[in-house]
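Taking it in order: structure first as structure tokens, then the write-up.
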Amino acid sequence: MLTRLFRLHGLFVASHPLEVIVGTIAVTICLMSMNAIAGGDQLCDWKYHCPKAQEKILSSDIIILTVTRCTAIIYIYVQFKNLRQLGSKYMLGIAGLFTVFSSLVFSIVVIHFLGKELTGLNEALPFFLLLIDLSKACTLAKFALSSNSQEEVRENIAQGMAILGPTFTLDAVVECLVIGVGTMSGVRQLELVCCFGCISVLANYFVFMTFFPACVSLVLELSRESREGRPVWQLSHFARVLKEEEDNKPNPVTQRVKIIMSLVLALVHAHTRLLAETPSNNSSGSAVDLHSPNMDAHTPMTSLDMEQVITLSLALLLAVKYVFFEQAETESSLSIKTPQTYLSNRRAGDECCRRIPRMVNANTSPAPLSATDTRGKDHEQQAVACPAAQRRTAEEDSEERETQISKTSVQPRPLNECLSVLRDPQQGPRCLSDAEVIALVENKSILGYRLEAELETPERGVAIRREMLSCKLPRPSALENLPYTGYDYSKVMGTNCENVIGYVPVPVGVAGPLLLDGKEFYVPMATTEGCLVASTNRGCRAITLSGGASARVLADGMTRGPVVQLPSACKAAEVKSWLESSDGFSALKHAFNRTSRFARLDRLQVCLAGRNLYIRFQSQTGDAMGMNMLSKGTEEALRRLHEQFPELRVLAVSGNYCTDKKPAAVNWIQGRGKSTVCEATIPAKVVREVLKTSTAALVELNISKNLVGSAMAGSIGGFNAQAANIVAAIYIACGQDPGQTVGSSNCITLMEADGPDGEDLCISCTMPSIELGTIGGGTNLPPQQACLQMLGVQGASADCPGENSRTLAQVVCAAVMAGELSLMAALAAGHLVKSHMTLNRSKVNLTEMSGSKMKDPS
């Protein structure tokens, strides 16, 4: 219960950082305003003589205070250095400094509000600084820094609060009770300092539990936005911080001792307060002695000046050292370390922490450690002397590293030692060789699918996975031609692909300009089929020369069709009737709509098969393709349906009545995604000169091929020549799900003779189920975003939600029509085989075949 409460608190603070920060400041200002109204005089003012200034200060006290202040300054400096190691030299340091300042101000305001005197604040400040523990903030910040997205930042801060919150709370209580013992001493000055210390601990706890996590969440969010959404914290050992903190929870015995001690101290405080004398009898004498108006004329002002000089000089020196002379740590950069940077700098990093010999050539025996170090220094000197060696590409470095690892005969360290190195924040996976990482994977100490997250760079994880896989393949060299370097895998991790071993470069061509609704589009197409881009480009030219095409979106609604089961067919029929009623639809619509800002349930289509009930939810989804949005809303609607009919049992959130990635008449008839139509009129002159055929030939061929031929084949939505070709090429280029080419390619192409003499061609393509989006999924990858930017539809539309995805659907439909026009013209003119033999026949294979025939005597 307590853990869940702290988790909810952390989630709220991380999700509403601005509100929490403003709220904390507002509370402080309100307390200060109330103090001003009350007209308290306890705080020393510039206009009045502070009683404390009239005290007689001994030289021994000055020395103690000076040492204490210097210790406090050094302590704060060390804490800031620890914060800096988290990845920021300034951001978290500034957040921590502001937190300390706000905690101090809040403490003063609270004490003043309670009517306490602050005449001893000057001496209490060093002790207050020693009470501040920025390591708590450091630990909490690690949870946020182990995230790859802002959503993960919130979740990880909540998880950190759930794990660390109870411990922080108990520590604060114990500290207050221990320091509070000093308030019962009877010594006026000690009571004042201890009272200030207790309230400071509580104020510090309050600020660190609210203000600091809000600052961290806000800083990370602004940092990501400044870099177009890319995560700016890429620290290897933080990926395991959640698991390590959960595994290393405080000792239960220690926690029990703290609880018992706090209870005992609470009883002591209660007993003392109940038996205490009246305040007038308790502190009158000490107050008079302490604030005697007689001021010693021989107060050592030179010593006071020296004390100020010492503390100020120490603070300035440490500040200068922190800002200008601290060497940057390997993991203290705000930017993501690119694969090229990692490959060029990895050897230097390996030399400082690995205790195994450096990888050597196959014909060189492993040398002792000292010899390895010497050889490493020589190698570094050669690299400095030869600039050409520093200009090696990332691919060459990677290939050399793989060759060296495969040829080395050095034995990896024991698993226990490797595991301790892996979990050591000062060393981590960068101090492990690839062979040692592989051993940890085989031992299940590192999960294979988490290699990218566990290692210092995702690319090294991909390289090690390739090495592990290559030895298990029929041909170990099978992966040599599959590239993997130079790719930003941080965009892929946890979003687009798992167990990555590389990427497949696909050529991207462009067709256009395509004049659509008065605007020119250049359509990117990713394909390996020759003639496809050229054919589509010819169709675009014909349409543009004819004055352009027009397109409209007829309907916009993604679908999800769960299957539920009732005890009997009659009960299923009863549920069907309720769903088709206005009350039933309204109930489910209300539950569905509250799951998203964009999801709005438009329609329910229900069918029954025995006891099973199939419910097809249809909703708009903004600029997203929307399957996840629909699934989330459908689950919530099914919960509402289950409340109405408790005997209902959900078999699956998808019962194939959607229907997704499968040929289905329901998509062809009812539509799914964007239902779009596009048309154009091609003059006879363009038909003759550009398409090299006639309108009559095209109309006749379209009827015989696209209509009658498809009907004879029993096709569903396949009344076209090559819609899937264009859809697939655009989908791959623009980051769409290629599997949805199945339903998105539903198309009927119609051609009619038009014009006064019947020689113009009127062509239209109707596509009822184009399933696509401009945000989410593969559209987040940079190359795919570039293709969407070519069309001017990247991301979500700011003015009209859903407009970008509808525009993209219209472009797809118009490009399909261009492809239909060109292919049908090639078939009618008899040019298809000739063009494919020219552009789509592999000259490489033909050359290899002819060469083998020449060598074969037969």
Side-chain angles (χ1 to χ4, degrees), residues 554-593 595-596 599-621 625-676 711 714-719 737 739-740 742-748 766-771:
L554 307 175
D556 184 1
M558 184 51 64
T559 63
R560 173 59 85 193
V563 53
V564 300
Q565 190 176 82
L566 280 301
S568 65
C570 294
K571 190 64 178 178
E574 179 184 342
V575 176
K576 181 177 184 295
S577 299
W578 185 81
L579 289 172
E580 292 173 344
S581 67
S582 58
D583 293 340
F585 178 78
S586 298
L588 264 64
K589 179 181 176 66
H590 177 72
F592 186 97
N593 290 354
T595 61
S596 172
R600 295 295 177 266
L601 185 62
D602 296 328
R603 180 182 180 188
L604 283 179
Q605 184 176 355
V606 188
C607 70
L608 186 147
R611 297 189 302 162
N612 291 346
L613 202 63
Y614 297 84
I615 312 168
R616 195 170 192 254
F617 292 78
Q618 181 174 319
S619 167
Q620 296 187 22
T621 57
M625 187 272 291
M627 287 305 300
N628 292 333
M629 194 183 302
L630 260 292
S631 299
K632 184 179 178 182
T634 300
E635 282 190 342
E636 189 63 29
L638 291 177
R639 290 192 189 97
R640 175 65 183 86
L641 184 61
H642 187 269
E643 292 176 2
Q644 187 72 23
F645 301 96
E647 64 272 29
L648 177 143
R649 186 164 67 97
V650 178
L651 298 182
V653 74
S654 175
N656 276 8
Y657 192 46
C658 313
T659 298
D660 190 41
K661 302 178 184 178
K662 291 167 283 292
V666 68
N667 291 344
W668 173 244
I669 298 171
Q670 300 292 343
R672 188 171 194 253
K674 275 69 177 174
S675 299
T676 312
S715 176
I716 298 176
F719 301 95
D737 189 343
Q740 290 183 316
V742 177
S744 301
S745 300
N746 286 335
C747 174
I748 181 170
T766 306
M767 304 179 69
S769 54
I770 301 180
E771 304 156 348

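Heavy atoms of other residues, nucleotides or ligands lying less than 6.0 angstrom from NZ of Lys661 number more than 12. For CG of Asn628, the number of neighbouring non-hydrogen atoms (other residues, nucleotides, ligands) closer than 6.0 Å is 12 at most.
Between the side chain of Arg616 and the backbone N or O of Tyr657 there is at least one donor-acceptor pair closer than 3.5 Å. In this structure, Ser769 contributes its side chain and Gly671 its backbone to no donor-acceptor pair below 3.5 Å. In this structure, Thr595 contributes its side chain and Ala591 its backbone to no donor-acceptor pair below 3.5 Å.
What you find for Tyr614 and Ala609 is that their closest heavy atoms are CE1-CB, 4.0 Å. The minimum heavy-atom distance linking Thr621 with Met629 is given by the pair O-CE, 3.7 Å. Here the closest non-hydrogen pair linking Asn593 and Leu601 is OD1-N, 2.9 Å. Phe617 and Ala637 get closest at one heavy-atom pair: CE2-CB, 3.6 Å. Nearest heavy-atom pair, Gly610 versus Ala572, reported as atom, atom and distance to 0.1 Å: O-CB, 4.0 Å.
Between Phe592 and Leu630 the shortest side-chain heavy-atom distance falls below 4.5 Å. Residues Ile748 and Trp668 are in side-chain contact: their nearest non-hydrogen atoms beyond the backbone lie under 4.5 Å apart. Within the 4.5 Å cutoff, no side-chain heavy atoms of Gln670 are placed close to those of Gln618. In this structure, Leu579 and Leu641 have side chains that are in contact, with non-hydrogen atoms separated by less than 4.5 Å. Between Glu771 and Asp660, some side-chain heavy-atom pair lies under the 4.5 Å cut-off. Between Val742 and Pro663 there is a side-chain heavy-atom pair separated by less than 4.5 Å.
Listed by first and then second residue, the ring pair (Phe, Tyr, Trp, His ring centres under 6.0 Å) pairs involving residues 635-654 are Trp578-Phe645 (not counting sequence neighbours). Residue pairs meeting the side chain to side chain donor-acceptor pair (under 3.5 Å) criterion with at least one member in residues 579-591, sequence neighbours excluded, are Lys576-Glu580.
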Identify every side-chain donor-acceptor pair in residues 554-570 under 3.5 Å, counting partners at least two apart or on other chains, and give the distances.
from, atom 1, to, atom 2, distance (Å)
Asp556, OD1, Lys674, NZ, 3.3
Asp556, OD2, Arg806, NH1, 3.2
Thr559, OG1, Cys658, O, 2.6
Thr559, OG1, Arg672, NE, 2.6
Arg560, NE, Ser631, OG, 3.3
Arg560, NH1, Ser654, OG, 3.1
Arg560, NH2, Ser631, OG, 3.3
Gln565, OE1, Arg649, NH2, 2.7
Gln565, NE2, Asn612, OD1, 3.1
Ser568, OG, Lys571, N, 3.2

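How far CG of Leu613 is from SG of Cys607: 7.5 Å, rounded to the nearest 0.5 Å. For the atom pair CD (Gln740) and CG (Asp737), the distance works out to 4.5 Å, reported to the nearest 0.5 Å.
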